[in-house]
Amino acid sequence: MNWRISEPWHLLQAMRVALAQGGAFLLSRMAPNGPILAARNVSYVHKATWGMYAAGVDPAVLARVFDWLEREALQPNGDFYFAEEGAEYKDMQRVYRPLTFGKVAAWIGHPLIRKPLVLDRILQYQHQPSGGVAAYIGDDPQRVEMPATLGTLNTTFFGQLMIALDLEPQAMAAGDWVRRWVEANREPMRNGQLFTQMTLDGRLVTDVQPGERIAKLVDTQHPKQEFWHVGTAMAYLATLYHTMRTRWGRTAEQAQPYLDAALALLDFEATMPLDTYLWPSKCKVGWGAGELLRVLIQFQLADEATRERAYQVAERVALFTFLDNQLAHGGWPPMHYPLSESIPEIAYNYKPIKNIVAVPSHRLADSKTIWLPGEEITGEFLGELKSIEQAVSLLESPNQRGS
């Protein structure tokens with residue numbers, strides 16, 4: 001059965017154009033013409049560095065960003081934020097943002113992420129012994145305040161940074177947390193549900209009150225959800241499998257449980273309706289499917305139907321979440337990220353019509369949303385699109401175009 005909407009060669013060319021245009025947009029948004037290196041909010045730069053790296057921007061430009069972060073946003077306790085940022089940035093995303101730009105700093109060899117002040121602080125966010133990672137642990141490095149539950153976002157981004165820094169024990173601990181989370185969700189996934197949080201002792205949080213569904217549960221019914229739980233976990237498990245096999249000397253048998261967990265998430269994702277791919281939070285699913293497809297191809301794993309399923313998911317995100325929504329200037333629109341499914345902003349539609357997205361172009365006061373600037377969205381989309389592009393480039397080569 002041919003599940004493809006587009007042929008890989010054509011998809012590959014479209015993605016490469018989108019990457020180039022997106023990178024040019026981010027460069028155009030650097031000071032003095034835009035907010036990057038001007039706005040005192042780390043959210044304007046943390047994913048922009050990822051996107052610029054993916055688009056092939058000169059590492060010297062990225063180094064300027066890291067120098068600025070060290071000079072302007074690094075706090076005495078090792079965290080990164082500006083005092084005037086709202087709590088939705090400064091606290092809710094306290095470690096998430098340095099985890100994102102930190103891996104890029106590691107990739108280009110910038111010393112910021114290896115500074116003892118910075119790295120020692122980041123390591124404090126990992127809970128022992130579970131391996132999960134908290135979003136916020138208070139401000140005092142001498143007194144860590146772990147929350148009651150942990151989730152996939154910070155745990156997987158922490159793991160990605162540990163791989164970039166070649167810190168195997170911390171990366172494996174994060175991977176074990178994610179693997180256990182998938183195992184705990186095996187039965188719910190068979191029923192079309194994925195619970196997103198676990199307690200510190202490893203129990204799924206299944207009590208979902210009205211207004212909490214978007215933060216605690218992903219299902220196969222609603223078109224606007226935090227689909228990224230599936231994607232970021234799938235991406236990390238696949239990346240961890242690859243790293244275990246290629247850098248850390250682990251056998252295929254030792255790495256297999258992490259691949260099995262990623263494949264279980266793929267099977268769950270394959271049951272999602274098409275309209276779920278129209279919501280921006282599907283973006284990380286493309287990252288996960290791209291990383292998984294790359295591993296399946298490189299190691300010649302799984303059967304043809306499984307590889308095609310991974311391609312189908314990656315292709316849908318590339319087409320419907322990314323390419324179809326890119327604006328004429330090369331970037332993507334900002335998002336009013338909903339913190340509850342019961343708020344009116346959940347109705348916003350981010351699909352451009354004649355290059356216009358009909359949502360407010362500014363942060364909303366007294367709203368249960370987080371304003372994600374277009375520079376942040378564009379940076380993330382480019383980083384994730386690059387993973388799909390790399391996987392599809394392995395799948396398709398010029399001498400296969402006519403086959």
Side-chain angles (χ1 to χ4, degrees), residues 78-79 91-100 102-103 118-141 143-165 167-189 193-208 212 214-218 226-241 243-244 248 255 257-262 264-265 268 284 287-288 291 339:
D79 287 329
D91 297 341
M92 292 178 67
Q93 303 179 64
R94 175 68 66 88
V95 78
Y96 177 49
R97 300 185 299 180
L99 293 177
T100 307
K103 65 183 179 183
V118 173
L119 184 54
D120 290 349
R121 177 59 172 167
I122 286 175
L123 294 179
Q124 287 188 305
Y125 282 82
Q126 186 171 44
H127 173 252
Q128 305 298 332
S130 75
V133 177
Y136 176 67
I137 56 174
D139 297 327
D140 185 356
R143 187 168 59 89
V144 170
E145 304 170 11
M146 280 289 164
T149 63
L150 301 172
T152 62
L153 184 67
N154 296 288
T155 303
T156 55
F157 271 69
F158 177 94
Q160 295 281 0
L161 175 58
M162 296 302 106
I163 287 177
L165 294 171
L167 296 178
E168 182 178 349
Q170 292 85 354
M172 291 301 305
D176 287 334
W177 187 95
V178 178
R179 179 178 52 79
R180 289 192 298 271
W181 171 75
V182 173
E183 292 304 318
N185 269 297
R186 289 276 187 175
E187 185 62 31
M189 283 194 290
Q193 294 182 318
L194 181 77
F195 293 99
T196 62
Q197 299 179 23
M198 288 204 302
T199 61
L200 297 184
D201 60 358
R203 292 177 290 110
L204 278 181
V205 176
T206 58
D207 179 23
V208 182
E212 296 180 342
I214 201 167
K216 292 184 176 180
L217 177 67
V218 176
E226 290 184 341
F227 299 113
W228 50 260
H229 290 281
V230 177
T232 191
M234 190 160 47
Y236 183 58
L237 291 164
T239 303
L240 182 61
Y241 178 92
T243 306
M244 292 173 69
W248 293 343
Y258 306 93
L259 180 63
D260 288 343
L265 293 171
F268 177 73
K284 288 184 178 68
W287 182 24
E291 292 300 308
L339 299 176

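Worth knowing before you read on, the calculation uses all heavy atoms, side chains too, and leaves out hydrogens, waters and symmetry mates.
Within the model, atoms CG of Asp207 and CZ of Phe195 stand 9.5 Å from one another, a figure rounded to the nearest 0.5 Å. We find the CZ-CG distance between Arg121 and Asp79 to be 4.0 Å, quoted to the nearest 0.5 Å. In this structure, CD in Glu168 is found 9.0 Å from CG in Leu240, a value given to the nearest 0.5 Å. The OH atom of Tyr236 sits 12.5 Å away from the CD atom of Glu291 when rounded to the nearest 0.5 Å. Distance check: Leu339 CG to Ile214 CD1 gives 8.0 Å after rounding to the nearest 0.5 Å. To the nearest 0.5 Å, atom CG of residue Leu217 and atom CG of residue Leu194 are 7.5 Å apart.
Remark: Glu183 engages Arg186 in a salt bridge, criterion side-chain N to carboxylate O under 4.0 Å.
Checking side-chain atoms of Gln124 against main-chain N and O of Pro141 turns up a donor-acceptor pair under 3.5 Å. Side chain of Arg143 to main chain of Gly138: no donor-acceptor pair is present (N/O by atom type, distance under 3.5 Å, no hydrogens or angles). Of the possible donor and acceptor atoms, one in the side chain of Thr196 sits under 3.5 Å from a partner among the backbone N and O of Ala215. Of the possible polar contacts, none joining the Thr232 side chain to the Trp228 backbone as a donor-acceptor pair under 3.5 Å is found. Remark: side-chain polar atoms of Gln197 are not paired, donor with acceptor, to backbone N or O of Gly151 under 3.5 angstrom.
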| request: Go through the steps to decide whether Met198 and Asn185 satisfy the test side-chain contact (heavy atoms from CB on, under 4.5 Å), and finish with yes or no. | output: CA-CA 10 Å; Met198 288 204 302; Asn185 269 297; over 6 Å; no
| request: Evaluate the side-chain contact (heavy atoms from CB on, under 4.5 Å) criterion for residues Leu123 and Met162: first the C-alpha distance (whole Å), next the side-chain angles of each, then the deciding distance (0.1 Å), finally the verdict. | output: CA-CA 9 Å; Leu123 294 179; Met162 296 302 106; 3.8 Å; yes
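What you find for Asn154 and Tyr96 is that their closest heavy atoms are OD1-CB, 3.4 Å. What you find for Tyr125 and Ala135 is that their closest heavy atoms are CE2-O, 3.6 Å. Shown here for Gly102 and Leu161, the closest heavy-atom pair between the two residues is C-CD1, 3.5 Å. The minimum heavy-atom distance between Ala174 and Phe158, with the atom names listed, is CB-CD2, 4.4 Å. Ala233 approaches Leu265 most closely through the heavy-atom pair CB-CD1, 3.6 Å. Across every non-hydrogen atom of Thr155 and Gly131, the tightest pair is CG2-O, 4.0 Å.
Looking at Val133 and Leu150, their side chains never come closer than 4.5 Å, going by heavy atoms from C-beta outward. Side-chain atoms of Leu153 and Lys284, non-hydrogen and from C-beta on, do get closer than 4.5 Å to each other. Using a 4.5 Å heavy-atom threshold, the side chains of Gln126 and Trp177 count as separate. A 4.5 Å side-chain heavy-atom check between Val118 and Pro98 finds every atom pair outside the cut-off. In this structure the side chain of Met189 reaches within 4.5 angstrom of the side chain of Val182, judged on heavy atoms.
Partners of Asp260 according to the salt bridge (Lys or Arg N to Asp or Glu O under 4.0 Å) rule, which considers only residues two or more places apart in sequence or in another chain, do not exist here. Every residue two or more places apart in sequence or in another chain that forms a side-chain contact (heavy atoms from CB on, under 4.5 Å) with Pro129 is listed here: His127. By the salt bridge (Lys or Arg N to Asp or Glu O under 4.0 Å) test, Lys103 pairs with no residue at all, sequence neighbours left out.
Of the candidates Thr239, Asp176, Thr243, Tyr258 forms a side chain to side chain donor-acceptor pair (under 3.5 Å) with just one, namely Asp176.
Ring pair His229/Trp181 is tilted by interplanar angle, where 30° to 60° counts as tilted.
Between Phe157 and Trp287, the gap from one ring centroid to the other is short of 6.0 Å.
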